[in-house]
2 protein chains.
Amino acid sequence: MEKVTIATVARRAGVSRQTVSNVINTPDVVREETRERVREAITALGYRVNQAARQMRTGRSRLIAVRIEPARDGINGSVLDRFLHGLTDAAGLAGYRVMLYTAADDNDEIATYDDLLSAYDLDAFVLTSTHHGDPRTSWLAERSVPFVTFGRPWGAPDMHSWVDVDNAAGTAAATEHLLAAGHQRIGFLGWPAGSGVGDARREGWHRVLGPWGPSAASTDGVQGGAEAARALLATDEPPTALVCASDSLALGALQAARELGRECAVVGFDDTAVAQAIGLTSVSQPLAEAAARCMDLLAELLDGRAPSVPATVLLPPSLVLRQTA
Amino acid sequence: MEKVTIATVARRAGVSRQTVSNVINTPDVVREETRERVREAITALGYRVNQAARQMRTGRSRLIAVRIEPARDGINGSVLDRFLHGLTDAAGLAGYRVMLYTAADDNDEIATYDDLLSAYDLDAFVLTSTHHGDPRTSWLAERSVPFVTFGRPWGAPDMHSWVDVDNAAGTAAATEHLLAAGHQRIGFLGWPAGSGVGDARREGWHRVLGPWGPSAASTDGVQGGAEAARALLATDEPPTALVCASDSLALGALQAARELGRECAVVGFDDTAVAQAIGLTSVSQPLAEAAARCMDLLAELLDGRAPSVPATVLLPPSLVLRQTA
DNA sequence: TCCTAGGTCTTGAACGATCAAATTCTGATA
DNA sequence: TATCAGAATTTGATCGTTCAAGACCTAGGA
């Protein structure tokens, strides 16, 4: 079982190296009959293109990089995990591979770009966790490195392609579900104003209920959620249902309600493992699809058939009904 | 900002290409003074080795592949996630990069090996979720592809290097903790016999308690855990504490205890997001360290300084105390 | 019959690094 | 001073692929 190169195939098929290369990359310039003969030789020999050699000549690696972040509060970590899985699948289908890297912060990440680009000739990046004033996108854009973000460019015009989930639509659907179930006072438990995602989730709830509705804010976490929920539930006319910006907050709310002996419907966000485990109704992001769409956009960029205007994709989340609402 | 190659550096330092290459790969054969001059040129120009070119000549890619699995029951998914993060970090420090792939089953995975090896010249694989009669290890071993498993070769002799966590020690520690807290009747809630990991976790509990102790088994999941726990708690002399093979089972046990109005201490396994969220005491695997050790072993294999006997590393888990025990 | 255009295929060079072998330099010894 | 071993450096070839350009063949038109 020797090394099979393009020359081995060429010899067996009785053609030149270049013809074999053409069969692989631009089949339509090769005559039908020759093409078949070469294809036969390729499968018979089990030939596979050597990516390193191809890359050296073309300057393209068919490699895409994604940052893997530590599961921050743990509870929401699996979101990225599922996205990664979807991306790896989609990339594989499109003939690309996913390479991982870690970074402590934005600047560290930018330093890594430099390294990955010059050492590995990376074709593109997929960025997650975009935020206001993100320095990463401008760095990449300035050097015209192809990239797509999962998460819209908060607070900036659309200078690049992105895929995002319609957070507001998710909380809106949750709120409507609660209304339909007969709830009159539906509260919102969210994060402090200023984060794009958090604000959008509050917006969806607000959009459905109109001007009124009790709401509270806390940084993410079970503890914070419980405290904020206690405050809301201790008022004169406490809400009978709570829409929450995350499963962590929702879990805190459930604990608070139980302590106080109050009936309170709760809906979380992200459909994490925790929600599945404890039967929490939650808004689920279509992560596999989001990943696939990211790959689609990247493939467009890389094939040079990119639209002049950045493409943007907004996916609707879905409500997963369980016991808590 | 043109492309900087080894020739650019050579010209600037006034030496030949090969000398630059030597400074990078075998610095000790270059005279001190020359070495410094070349190093200066390298940093001044911001030169970075082109991996594709190096790979074509050496046949080594400095790339390591890991399979990313879908978060199976969701609740335990983050274990792999954290391992991956640790591996990416450790690989980066050792000058390697991690590439991802997905596979539907063992055979699919083997087909992917073939592809990755011939197309990308992958240097090594890290396998997770090893099990009895795993066909992957023998496939790789036959072709003498370097690899390390996270998880020991269940039911087979040590034919390759592996890193694993001492599952039995984990449940033993949990059991001892419960004994010290004054519990007399400590039960075990595990998986059906036959899985290496599950059996080891039961073993640890059994080792501490001796012959006696109520135990039950169920396939993993909250539902199953609740049912099995109900059965245990409904006996004449119910256990006052339960050691569980997973956080899912533990969560089920907690729910069963609450339903029945019983006090019952519970310890889970894996310290997942769920455990953190609901305050479940759980056995925590040192995943970052496990990943680092995997990388160490791989580096040894790849540098050719591999020991004749496969290296095996068994890491002790730790008990994370929270409210439930 | 000759020429040309288009389709098909082949040839040599190049990508950027490392290997192997050849060459030059250095300093010590006779 | 001439010689030589060993250290330091250079040269040419090579890895497997694709690019650019050229060669060959066939059919159609003048």
Side-chain angles (χ1 to χ4, degrees), chain A residues 2-39 41-42 45-63 95 117-123 303-304, chain B residues 2-39 41-42 45-63 95 115 117-123 302-304:
Chain A
E2 322 230 324
K3 204 179 312 180
V4 179
T5 77
I6 214 171
T8 324
V9 176
R11 219 173 304 127
R12 161 138 182 173
V15 296
S16 70
R17 299 185 319 270
Q18 185 59 39
T19 298
V20 177
S21 175
N22 285 335
V23 169
I24 296 168
N25 300 300
T26 46
D28 40 313
V29 308
V30 180
R31 188 164 27 129
E32 170 84 37
E33 182 198 319
T34 319
R35 202 190 310 154
E36 274 321 305
R37 196 148 34 94
V38 171
R39 289 226 168 101
I42 287 179
L45 294 168
Y47 168 76
R48 293 247 186 31
V49 177
N50 180 316
Q51 287 293 342
R54 165 181 281 180
Q55 171 180 350
M56 180 147 57
R57 195 71 250 258
T58 63
R60 299 193 28 194
S61 59
R62 305 200 75 83
L63 241 41
L117 286 172
S118 46
Y120 290 90
D121 275 327
L122 252 88
D123 281 356
D303 288 359
Chain B
E2 322 230 324
K3 205 180 307 174
V4 179
T5 78
I6 211 170
T8 324
V9 176
R11 220 172 304 130
R12 160 138 183 171
V15 296
S16 69
R17 299 185 319 269
Q18 185 59 40
T19 298
V20 178
S21 175
N22 284 337
V23 169
I24 297 168
N25 301 299
T26 47
D28 41 311
V29 308
V30 180
R31 186 164 29 129
E32 170 85 35
E33 181 199 319
T34 319
R35 202 189 310 153
E36 275 321 305
R37 196 149 35 92
V38 171
R39 288 225 168 101
I42 287 180
L45 295 169
Y47 168 75
R48 291 242 184 35
V49 179
N50 180 315
Q51 288 293 341
R54 167 182 279 179
Q55 172 181 349
M56 178 147 59
R57 194 73 251 259
T58 63
R60 297 189 34 192
S61 60
R62 304 199 75 83
L63 241 40
D115 183 38
L117 286 171
S118 45
Y120 291 88
D121 276 325
L122 250 86
D123 281 356
L302 295 173
D303 288 359

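Below, chains carry the letters A, B, ... as their sequence lines are ordered, and counting in each starts from 1.
Counting heavy atoms from C-beta outward, S61(B) and Q51(A) have side chains that stay 4.5 Å or more apart. Considering only heavy atoms from C-beta on, R39(B) comes within 4.5 Å of E36(B) through its side chain. For the pair N25(B)/R54(B), a side-chain contact is recorded, criterion being any heavy-atom separation below 4.5 Å from C-beta on.
Rounded to an integer number of Å, the gap from R17(B) CZ to dA14(C) C1' is 13 Å. Between Q18(B) atom CD and dG12(D) atom P the separation is 14 Å, expressed in whole Å. For D28(B) and dA7(D), the CG to C1' distance is 12 Å, given to the nearest whole Å. In this structure, CD of Q51(A) is placed 12 Å from C1' of dG16(D), rounded to the nearest angstrom. Look at CG on D121(B): it is 10 Å from P on dT17(D), rounded to the nearest Å. Across the protein-nucleic acid pair, N22(B) atom CG and dA8(D) atom P stand 11 Å apart, rounded to whole Å. Atom CD in E33(A) sits about 14 Å away from atom C1' in dC25(D), given to the nearest Å. At whole-Å resolution of the value, CD1 in I24(A) and C1' in dT18(D) are 11 Å apart.
Relative to the side chain of N50(B), the nucleotides dA17(C), dT9(D), dT10(C) differ in distance, and dA17(C) lies closest. In this structure, the nucleotide among dT17(D), dT8(C), dA17(C) sitting nearest to the side chain of R54(A) is dT17(D). Nearest nucleotide to the side chain of R31(A), out of dG16(C), dA17(C), dC9(C): dC9(C). Closest to the side chain of V30(A), out of dT18(C), dT9(D), dC9(C), is dC9(C). Candidate nucleotides dA17(C), dC9(C), dT18(D) were compared by shortest atom distance to the side chain of I6(A), and dT18(D) ranks first.
Looking at R48(A), its side chain has no donor and acceptor atom pair within 3.5 Å of the base of dG16(D). Side-chain N/O atoms of Q55(A) and base N/O atoms of dC15(C) include no donor-acceptor pair closer than 3.5 Å. Taking only distance into account, the side chain of R57(A) meets the base of dT18(D) through a donor-acceptor pair shorter than 3.5 Å.
Phosphate proximity of dG16(D) to Y120(B): absent, as no side-chain N or O sits under 4.0 Å from OP1 or OP2. Phosphate contact (OP1/OP2 of dC19(C), side-chain N/O of S21(B), threshold under 4.0 Å): absent.
Residue T5(A) is classed as a sugar-phosphate contact, given heavy-atom separations below 4.0 Å to backbone atoms only.
Remark on DNA chain C: of its neighbouring residues A53(A) and T58(B), the 5'-side contact belongs to A53(A), judged by nearest-heavy-atom nucleotide.
Rounded to the nearest 0.5 angstrom, Y120(B) OH and Q55(A) CD are separated by 9.5 Å.
For R57(A), the salt bridge (charged side-chain N to carboxylate O under 4.0 Å, His left out) criterion is met by no residue, not counting sequence neighbours.
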